[in-house]
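For reference, the structure is listed below as structure tokens.
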Amino acid sequence: MRNKICNDLNNSDIGQSVDLCGWVDRRRDHGGVIFLDLRDHSGFLQLTFNPEDGTDLFNTAEKLRNETVIFVRGVINKRPEESINNNISTGSLELNVKELKILNEVKNNLPFPVSIHDYENTKEELRIKYRYLDLRRGKLIQNLKTRHNILKVVRQYLDQHEFTEVETPLLTKSTPEGARDFLVPSRISKGDFFALPQSPQLFKQLLMVGGLNNYYQIAKCFRDEDLRADRQPEFTQLDMEMSFITEEEIINFNEQLIKKIWKEILNINLKEDFPRMTWQEAIDNYGTDRPDTRYEMTLKDVGNILGNIGFNIFTKAIKSGGSIKCINVKGGNTSISNVRIKPGGDIFQVAQDAGAGGLAFIRVKDNDIDTIGAIKNNLDESLIKQLLQKTNAEEGDLILLGAGKTEIVNQSLDRVRQYIAKELHLVDDVSANKKWNFLWITDFPMFAKNEEENRLEALHHPFCAPKLDLNKKESLQNDLEISTAKAYDLVLNGLEIGGGSIRIHQSELQKKVLKTVGLSNEEIEEKFGFLIEALEMGAPPHGGIAFGLDRIVMLIIGADSIRETIAFPKNQQAKCLMTKAPSNVAKSQLKELDIEITIDE
RNA sequence: GGGACCGUAGUUCAACUGGUUAGAGCACCGCCCUGUCACGGCGGAAGUUGCGGGUUCGAAUCCCGUCGGUCCCGCCA
């Protein structure tokens with residue numbers, strides 16, 4: 001249909017007749033001559049229409065509107081020196097159109113302007129509903145191409161290392177534990193349901209049992225949970241599994257992969273080894289298992305300094321087994337007012353929303369401190385000195401303290417820390433010197449207590465191997481419950497972008513772990529019998545990792561939401577605004593499945 | 001399930017502590033314009049202020065409800 005695309009044109013085409021196709025981006029009708037920017041997937045070219053080239057041609061050109069789809073044939077001219085447009089790559093050329101065909105008309109008043117020149121902040125609701133128009137604006141196409149390029153690097157790298165890409169089922173078995181499943185009814189087995197996979201976890205393990213050795217998949221995963229800017233109901237994991245492999249080997253291998261991606265896509269050389277931090281260190285120093293290490297303000301435990309000063313809230317916190325911790329806001333004395341940290345203030349509110357009862361503060365001034373009387377009256381010079389030393393606080397700093405149950409103190413100070421970092425612009429995401437703070441978190445606990453249900457839950461998932469000496473069988477059960485796992489997460493700038501573990505490859509241990517999270521023998525048999533059985537038939541030691549591809553793309557392109565990385569995303573209500581899915585189905589369809597809707601209309 | 005913010009022309013926004021006929025840019029329609037490139041000039045059409053109710057002499061504005069959207073908490077092994 002065409003023999004050129006806009007961006008391919010250069011001075012060697014001057015005088016040549018070319019055929020082009022595309023959309024009308026903008027038009028400038030001077031009455032006697034019409035200028036029109038043609039846009040195709042590659043770029044722009046100015047078209048000129050002259051009355052001398054024919055009345056029909058000119059009349060048709062006058063009718064063209066933005067986004068009309070056209071074919072043009074004409075001669076490439078060099079533009080007059082004074083009318084060269086340096087903003088586009090073909091700015092020194094133009095096409096003198098001799099033949100024009102309208103390939104498709106366009107209706108009046110599109111939902112929003114498409115031309116990037118008219119770009120305005122368009123409501124995301126409209127952008128998603130008319131995704132094809134938003135795509136045509138180009139930015140999203142660029143994002144999809146970046147995504148494609150990342151996958152290209154991944155596929156090439158993994159292929160070189162003899163990984164095999166394998167597709168695992170999308171219609172699979174519902175699992176207890178973990179996220180809610182999306183269910184798919186079976187017509188042939190009436191009353192039974194498939195579940196869409198939350199991840200290919202068990203299948204990839206079984207591929208290892210099958211001797212595949214190195215597996216990967218660009219895997220669609222489904223979780224029926226509430227959405228966030230970085231969470232969609234269907235998302236993509238870069239999923240990997242390896243046999244006869246250690247934690248150390250997996251971490252090193254994947255660090256190389258990540259470095260390769262950053263090098264190929266962003267031309268950034270990440271030379272240093274990614275830092276590592278145990279889960280406990282992360283919790284102690286940052287209050288979270290995905291610390292943002294781009295700024296300091298770490299949490300300090302000051303329980304032994306302030307626990308006995310007679311301030312009731314502090315005393316109670318320590319006596320009931322809790323903590324007193326704090327962060328030091330450098331220069332906070334001037335940058336943060338008392339209004340913000342006292343009840344009703346925004347920072348106070350952040351702490352309270354995270355469950356904290358309150359937020360105490362100490363301002364450091366002239367080697368003295370400024371705080372509420374109940375604290376100050378009970379602090380002697382030695383304690384103040386210890387406190388300043390512990391927090392590295394100096395004149396002009398602001399120390400914010402939380403006291404109470406350790407988990408609550410950690411969570412609230414973590415949120416306050418992040419909030420203040422944002423408010424004080426401690427990270428600059430638009431800077432050319434953007435920081436890429438990768439961090440491995442290791443030694444996760446195997447289990448965490450579910451307070452509401454008073455039972456243990458797997459912190460990662462119940463297939464992670466514990467760091468235990470399995471020869472000491474007598475204390476296995478007790479040791480197991482307090483054991484750490486051979487599990488690791490990769491964190492980037494405070495976001496979890498991947499995680500994995502060495503898996504359990506012995507059936508007995510797997511059964512013990514499933515029992516520990518509260519499953520009965522019958523449930524284990526029914527839900528995971530196939531896995532246990534496979535582990536009895538010569539399962540090799542194995543482990544792997546999965547990365548959140550959408551998040552990685554989001555971070556690389558500098559977007560605020562993974563929706564910017566997905567061609568047709570769903571909104572926060574997990575609905576597709578374009579197709580209006582999910583939607584009703586015909587009664588006959590339900591009847592065939594023996595399913596009845598009982599909701600009152 | 002909960003909290004916060006938002007909803008005005010096709011679109012992006014405006015409209016003061018409630019005040020008289022809800023404005024502007026772009027897009028659209030008509031006329032003019034031969035070197036523009038965010039072309040320009042003149043004119044025009046375009047609104048159930050998401051929807052329903054309430055307060056008031058008077059509501060885009062205040063209150064209640066509802067629908068839709070975004071962000072967050074819970075949730076997401």
Side-chain angles (χ1 to χ4, degrees), chain A residues 25-38 44-52 58 65-67 77 79-88 90-91 94 96 106-130 133 175-181 198-199 201-202 221-233 235 346 349-350 352-355 411-412 415 418-419 444 446-448 450 452 456-464 485 487 496 499 501 513-514 517-518 546 548 560-561 563 571-575 577:
Chain A
D25 189 65
R26 295 191 66 83
R27 62 202 174 91
R28 293 173 293 281
D29 186 344
H30 285 236
V33 61
I34 298 169
F35 299 104
L36 190 150
D37 294 329
L38 177 75
F44 301 89
L45 177 70
Q46 173 164 284
L47 311 179
T48 63
F49 295 87
N50 290 294
E52 306 86 72
F58 199 76
R65 291 296 174 267
N66 293 352
E67 299 312 308
N77 285 337
R79 289 204 207 179
E81 201 64 39
E82 64 276 10
S83 52
I84 287 175
N85 181 354
N86 289 315
N87 295 324
I88 56 175
T90 60
E94 62 189 14
N96 188 349
V106 63
K107 69 173 233 173
N108 263 353
N109 286 332
L110 297 180
F112 52 83
V114 174
S115 169
I116 199 71
H117 300 105
D118 291 329
Y119 191 80
E120 300 181 296
N121 258 346
T122 308
K123 283 193 191 73
E124 199 178 9
E125 189 178 351
L126 287 172
R127 292 182 53 209
I128 295 183
K129 183 169 181 186
Y130 302 100
L133 283 184
T175 52
E177 292 266 319
R180 294 183 184 91
D181 288 319
Q198 297 175 27
S199 82
Q201 182 62 36
L202 295 180
C221 305
F222 305 86
R223 292 177 193 174
D224 188 7
E225 295 293 347
D226 288 350
L227 274 43
R228 292 285 189 281
D230 62 353
R231 277 162 33 186
Q232 283 271 299
F235 61 100
D346 58 334
Q349 194 62 44
V350 168
Q352 203 165 45
D353 289 347
Q411 176 163 299
S412 59
R415 297 224 186 123
Q418 291 189 54
Y419 182 79
F444 284 77
M446 280 289 285
F447 305 103
N450 182 325
E452 280 168 28
L456 291 180
E457 285 178 330
L459 201 76
H460 227 75
H461 58 55
F463 315 109
C464 296
E496 183 200 328
S501 65
V513 168
L514 290 172
V517 298
D560 292 326
S561 154
R563 292 187 297 270
N571 75 354
Q572 200 170 40
Q573 306 308 312
K575 288 174 184 152
L577 295 175

Using a 3.5 Å distance criterion without hydrogens, assess whether the side chain of A:T90 forms a donor-acceptor pair with backbone atoms of A:F44. yes
Could you give the distance separating B:rU34 and B:rG25 at their P atoms, to the nearest angstrom? 25 Å
Between B:rA59 and B:rU17, how far apart are the C1' atoms? Round to whole Å, please. 14 Å
If you assign each of A:N50 and A:T122 to its closest nucleotide in RNA chain B, which residue comes earlier from the 5' end? A:T122
What interatomic distance, in whole Å, is found between C1' of B:rU11 and the corresponding atom of B:rA46? 12 Å
Looking only at atom C1', what distance separates B:rC6 and B:rC32, rounded to whole Å? 43 Å
For B:rC28, does either OP1 or OP2 sit under 4.0 Å from a side-chain N or O belonging to A:R27? yes
Check: A:L133 and A:P111 side chains under 4.5 Å, non-hydrogen atoms: yes
Under 4.0 Å between any heavy atoms, over every strand shown, what does A:L133 touch: base, sugar-phosphate, or nothing? Just pick one. nothing
Nucleotide forming a Watson-Crick or wobble pair with B:rC57, both distances under 3.5 Å: B:rG19
Under the side-chain hydrogen bond (donor to acceptor under 3.5 Å, both in side chains) test, which residues partner A:Q411, sequence neighbours left out? none
Determine the Euclidean distance between corresponding P atoms of B:rG19 and B:rC75; express it in Å to zero decimal places. 45 Å
Figure out the CG/P separation between A:N108 and B:rC28, and round it to whole Å. 7 Å
Do the side chain of A:Q198 and the main chain of A:A179 share a donor and acceptor less than 3.5 angstrom apart? yes
Between A:Q46 and A:R223, which has a closest nucleotide on RNA chain B that is more 5'? A:Q46
Check: A:Q46 and A:R79 side chains under 4.5 Å, non-hydrogen atoms: yes
Short side-chain to backbone donor-acceptor contact, A:E225 and A:R180, under 3.5 Å: yes
Nearest-Å distance for atom pair CD/C1', residues A:Q198 and B:rC75: 13 Å
Identify the pairs formed between an N or O of the protein and an N or O of nucleotides 2-7 of chain B at a distance under 3.5 Å, and give each distance.
none

Tell me the interatomic distance from A:L36, atom CG, to B:rU34, atom P, rounded to whole angstroms. 18 Å
With a non-hydrogen cut-off below 4.0 angstrom, is A:P111 in contact with a base, only sugar-phosphate, or nothing? sugar-phosphate
Determine the Euclidean distance between corresponding C1' atoms of B:rC29 and B:rG18; express it in Å to zero decimal places. 37 Å
Need one value for A:E52: base, sugar-phosphate or nothing, where a base atom within 4.0 Å counts as base even if backbone is also close, heavy atoms only. base
Look only at the side chain of A:D181 and the backbone of A:T175, and say whether a donor-acceptor pair between them is shorter than 3.5 Å. yes
Face-to-face contact A:F35 to B:rU36 six-ring, under 5.5 Å, under 30°: yes
Given the rule in the salt bridge (charged side-chain N to carboxylate O under 4.0 Å, His left out) test, do A:R231 and A:D226 qualify, once you have shown the distances and angles that lead to the verdict? CA-CA 8 Å; A:R231 277 162 33 186; A:D226 288 350; over 6 Å; no
When the C1' atoms of B:rA60 and B:rA14 are compared, how many Å lie between them, rounded to an integer? 12 Å
Who is the Watson-Crick or G-U wobble partner of B:rC39, with both distances under 3.5 Å? none
Taking atom C1' of B:rC33 as reference, at what distance in whole Å does atom CG of A:D29 sit? 8 Å
Backbone of A:E52 reached by a side-chain donor or acceptor of A:N50 within 3.5 Å: no
Counting distance alone, no hydrogens or angles: does the base of B:rC29 have a donor or acceptor under 3.5 Å from a partner atom on the side chain of A:R65? no
Check for me: is A:H30 stacked on B:rC33 by the 5.5 Å centroid and 30° plane-angle rule? no
Using a cut-off of less than 4.0 Å, is there contact between a side-chain N or O of A:R26 and OP1 or OP2 of B:rC39? yes
What is the distance, to the nearest angstrom, from the CD1 atom on A:I34 to the P atom on B:rC37? 16 Å
Base-pairing mate for B:rC5 - Watson-Crick or G-U, with both contacts under 3.5 Å: B:rG69
CD1 of A:I88 versus C1' of B:rA38: gap in Å, rounded? 13 Å
If pairing requires Watson-Crick or G-U wobble contacts with both distances under 3.5 Å, which nucleotide is the partner of B:rC28? B:rG44
In this structure, how many angstroms lie between the P atom of B:rC37 and the CZ atom of A:F44, rounded? 16 Å
So, for A:N66 and A:R26, which heavy atoms are closest and what is the spacing to 0.1 Å? OD1-CA, 3.7 Å
Nucleotide nearest A:E94 when distance is taken to its side chain, options B:rC28, B:rU12, B:rG35: B:rG35
Distance between the P atoms of B:rU66 and B:rG1, in whole angstroms? 12 Å
When rounded to whole Å, the CG to P distance for the pair A:N121 and B:rC26 reads 18 Å
Going 5' to 3' through nucleotides 66-74 of chain B, assign each nucleotide B (protein heavy atom under 4.0 Å from a base atom), S (under 4.0 Å only from sugar-phosphate atoms) or - (no protein heavy atom that close). --SSBBSBB
Checking A:F235 against A:R223 for the side-chain contact (heavy atoms from CB on, under 4.5 Å) test, could you report, in this order, the C-alpha distance in whole Å, the side-chain angles of both residues, the deciding distance, and whether it holds? CA-CA 9 Å; A:F235 61 100; A:R223 292 177 193 174; 3.6 Å; yes
Which heavy atom of A:M446 sits nearest to which heavy atom of A:V513, and what is that distance? CE-CG2, 3.9 Å
Phosphate-side-chain proximity, A:R28 and B:rU36, N/O vs OP1/OP2 below 4.0 Å: no
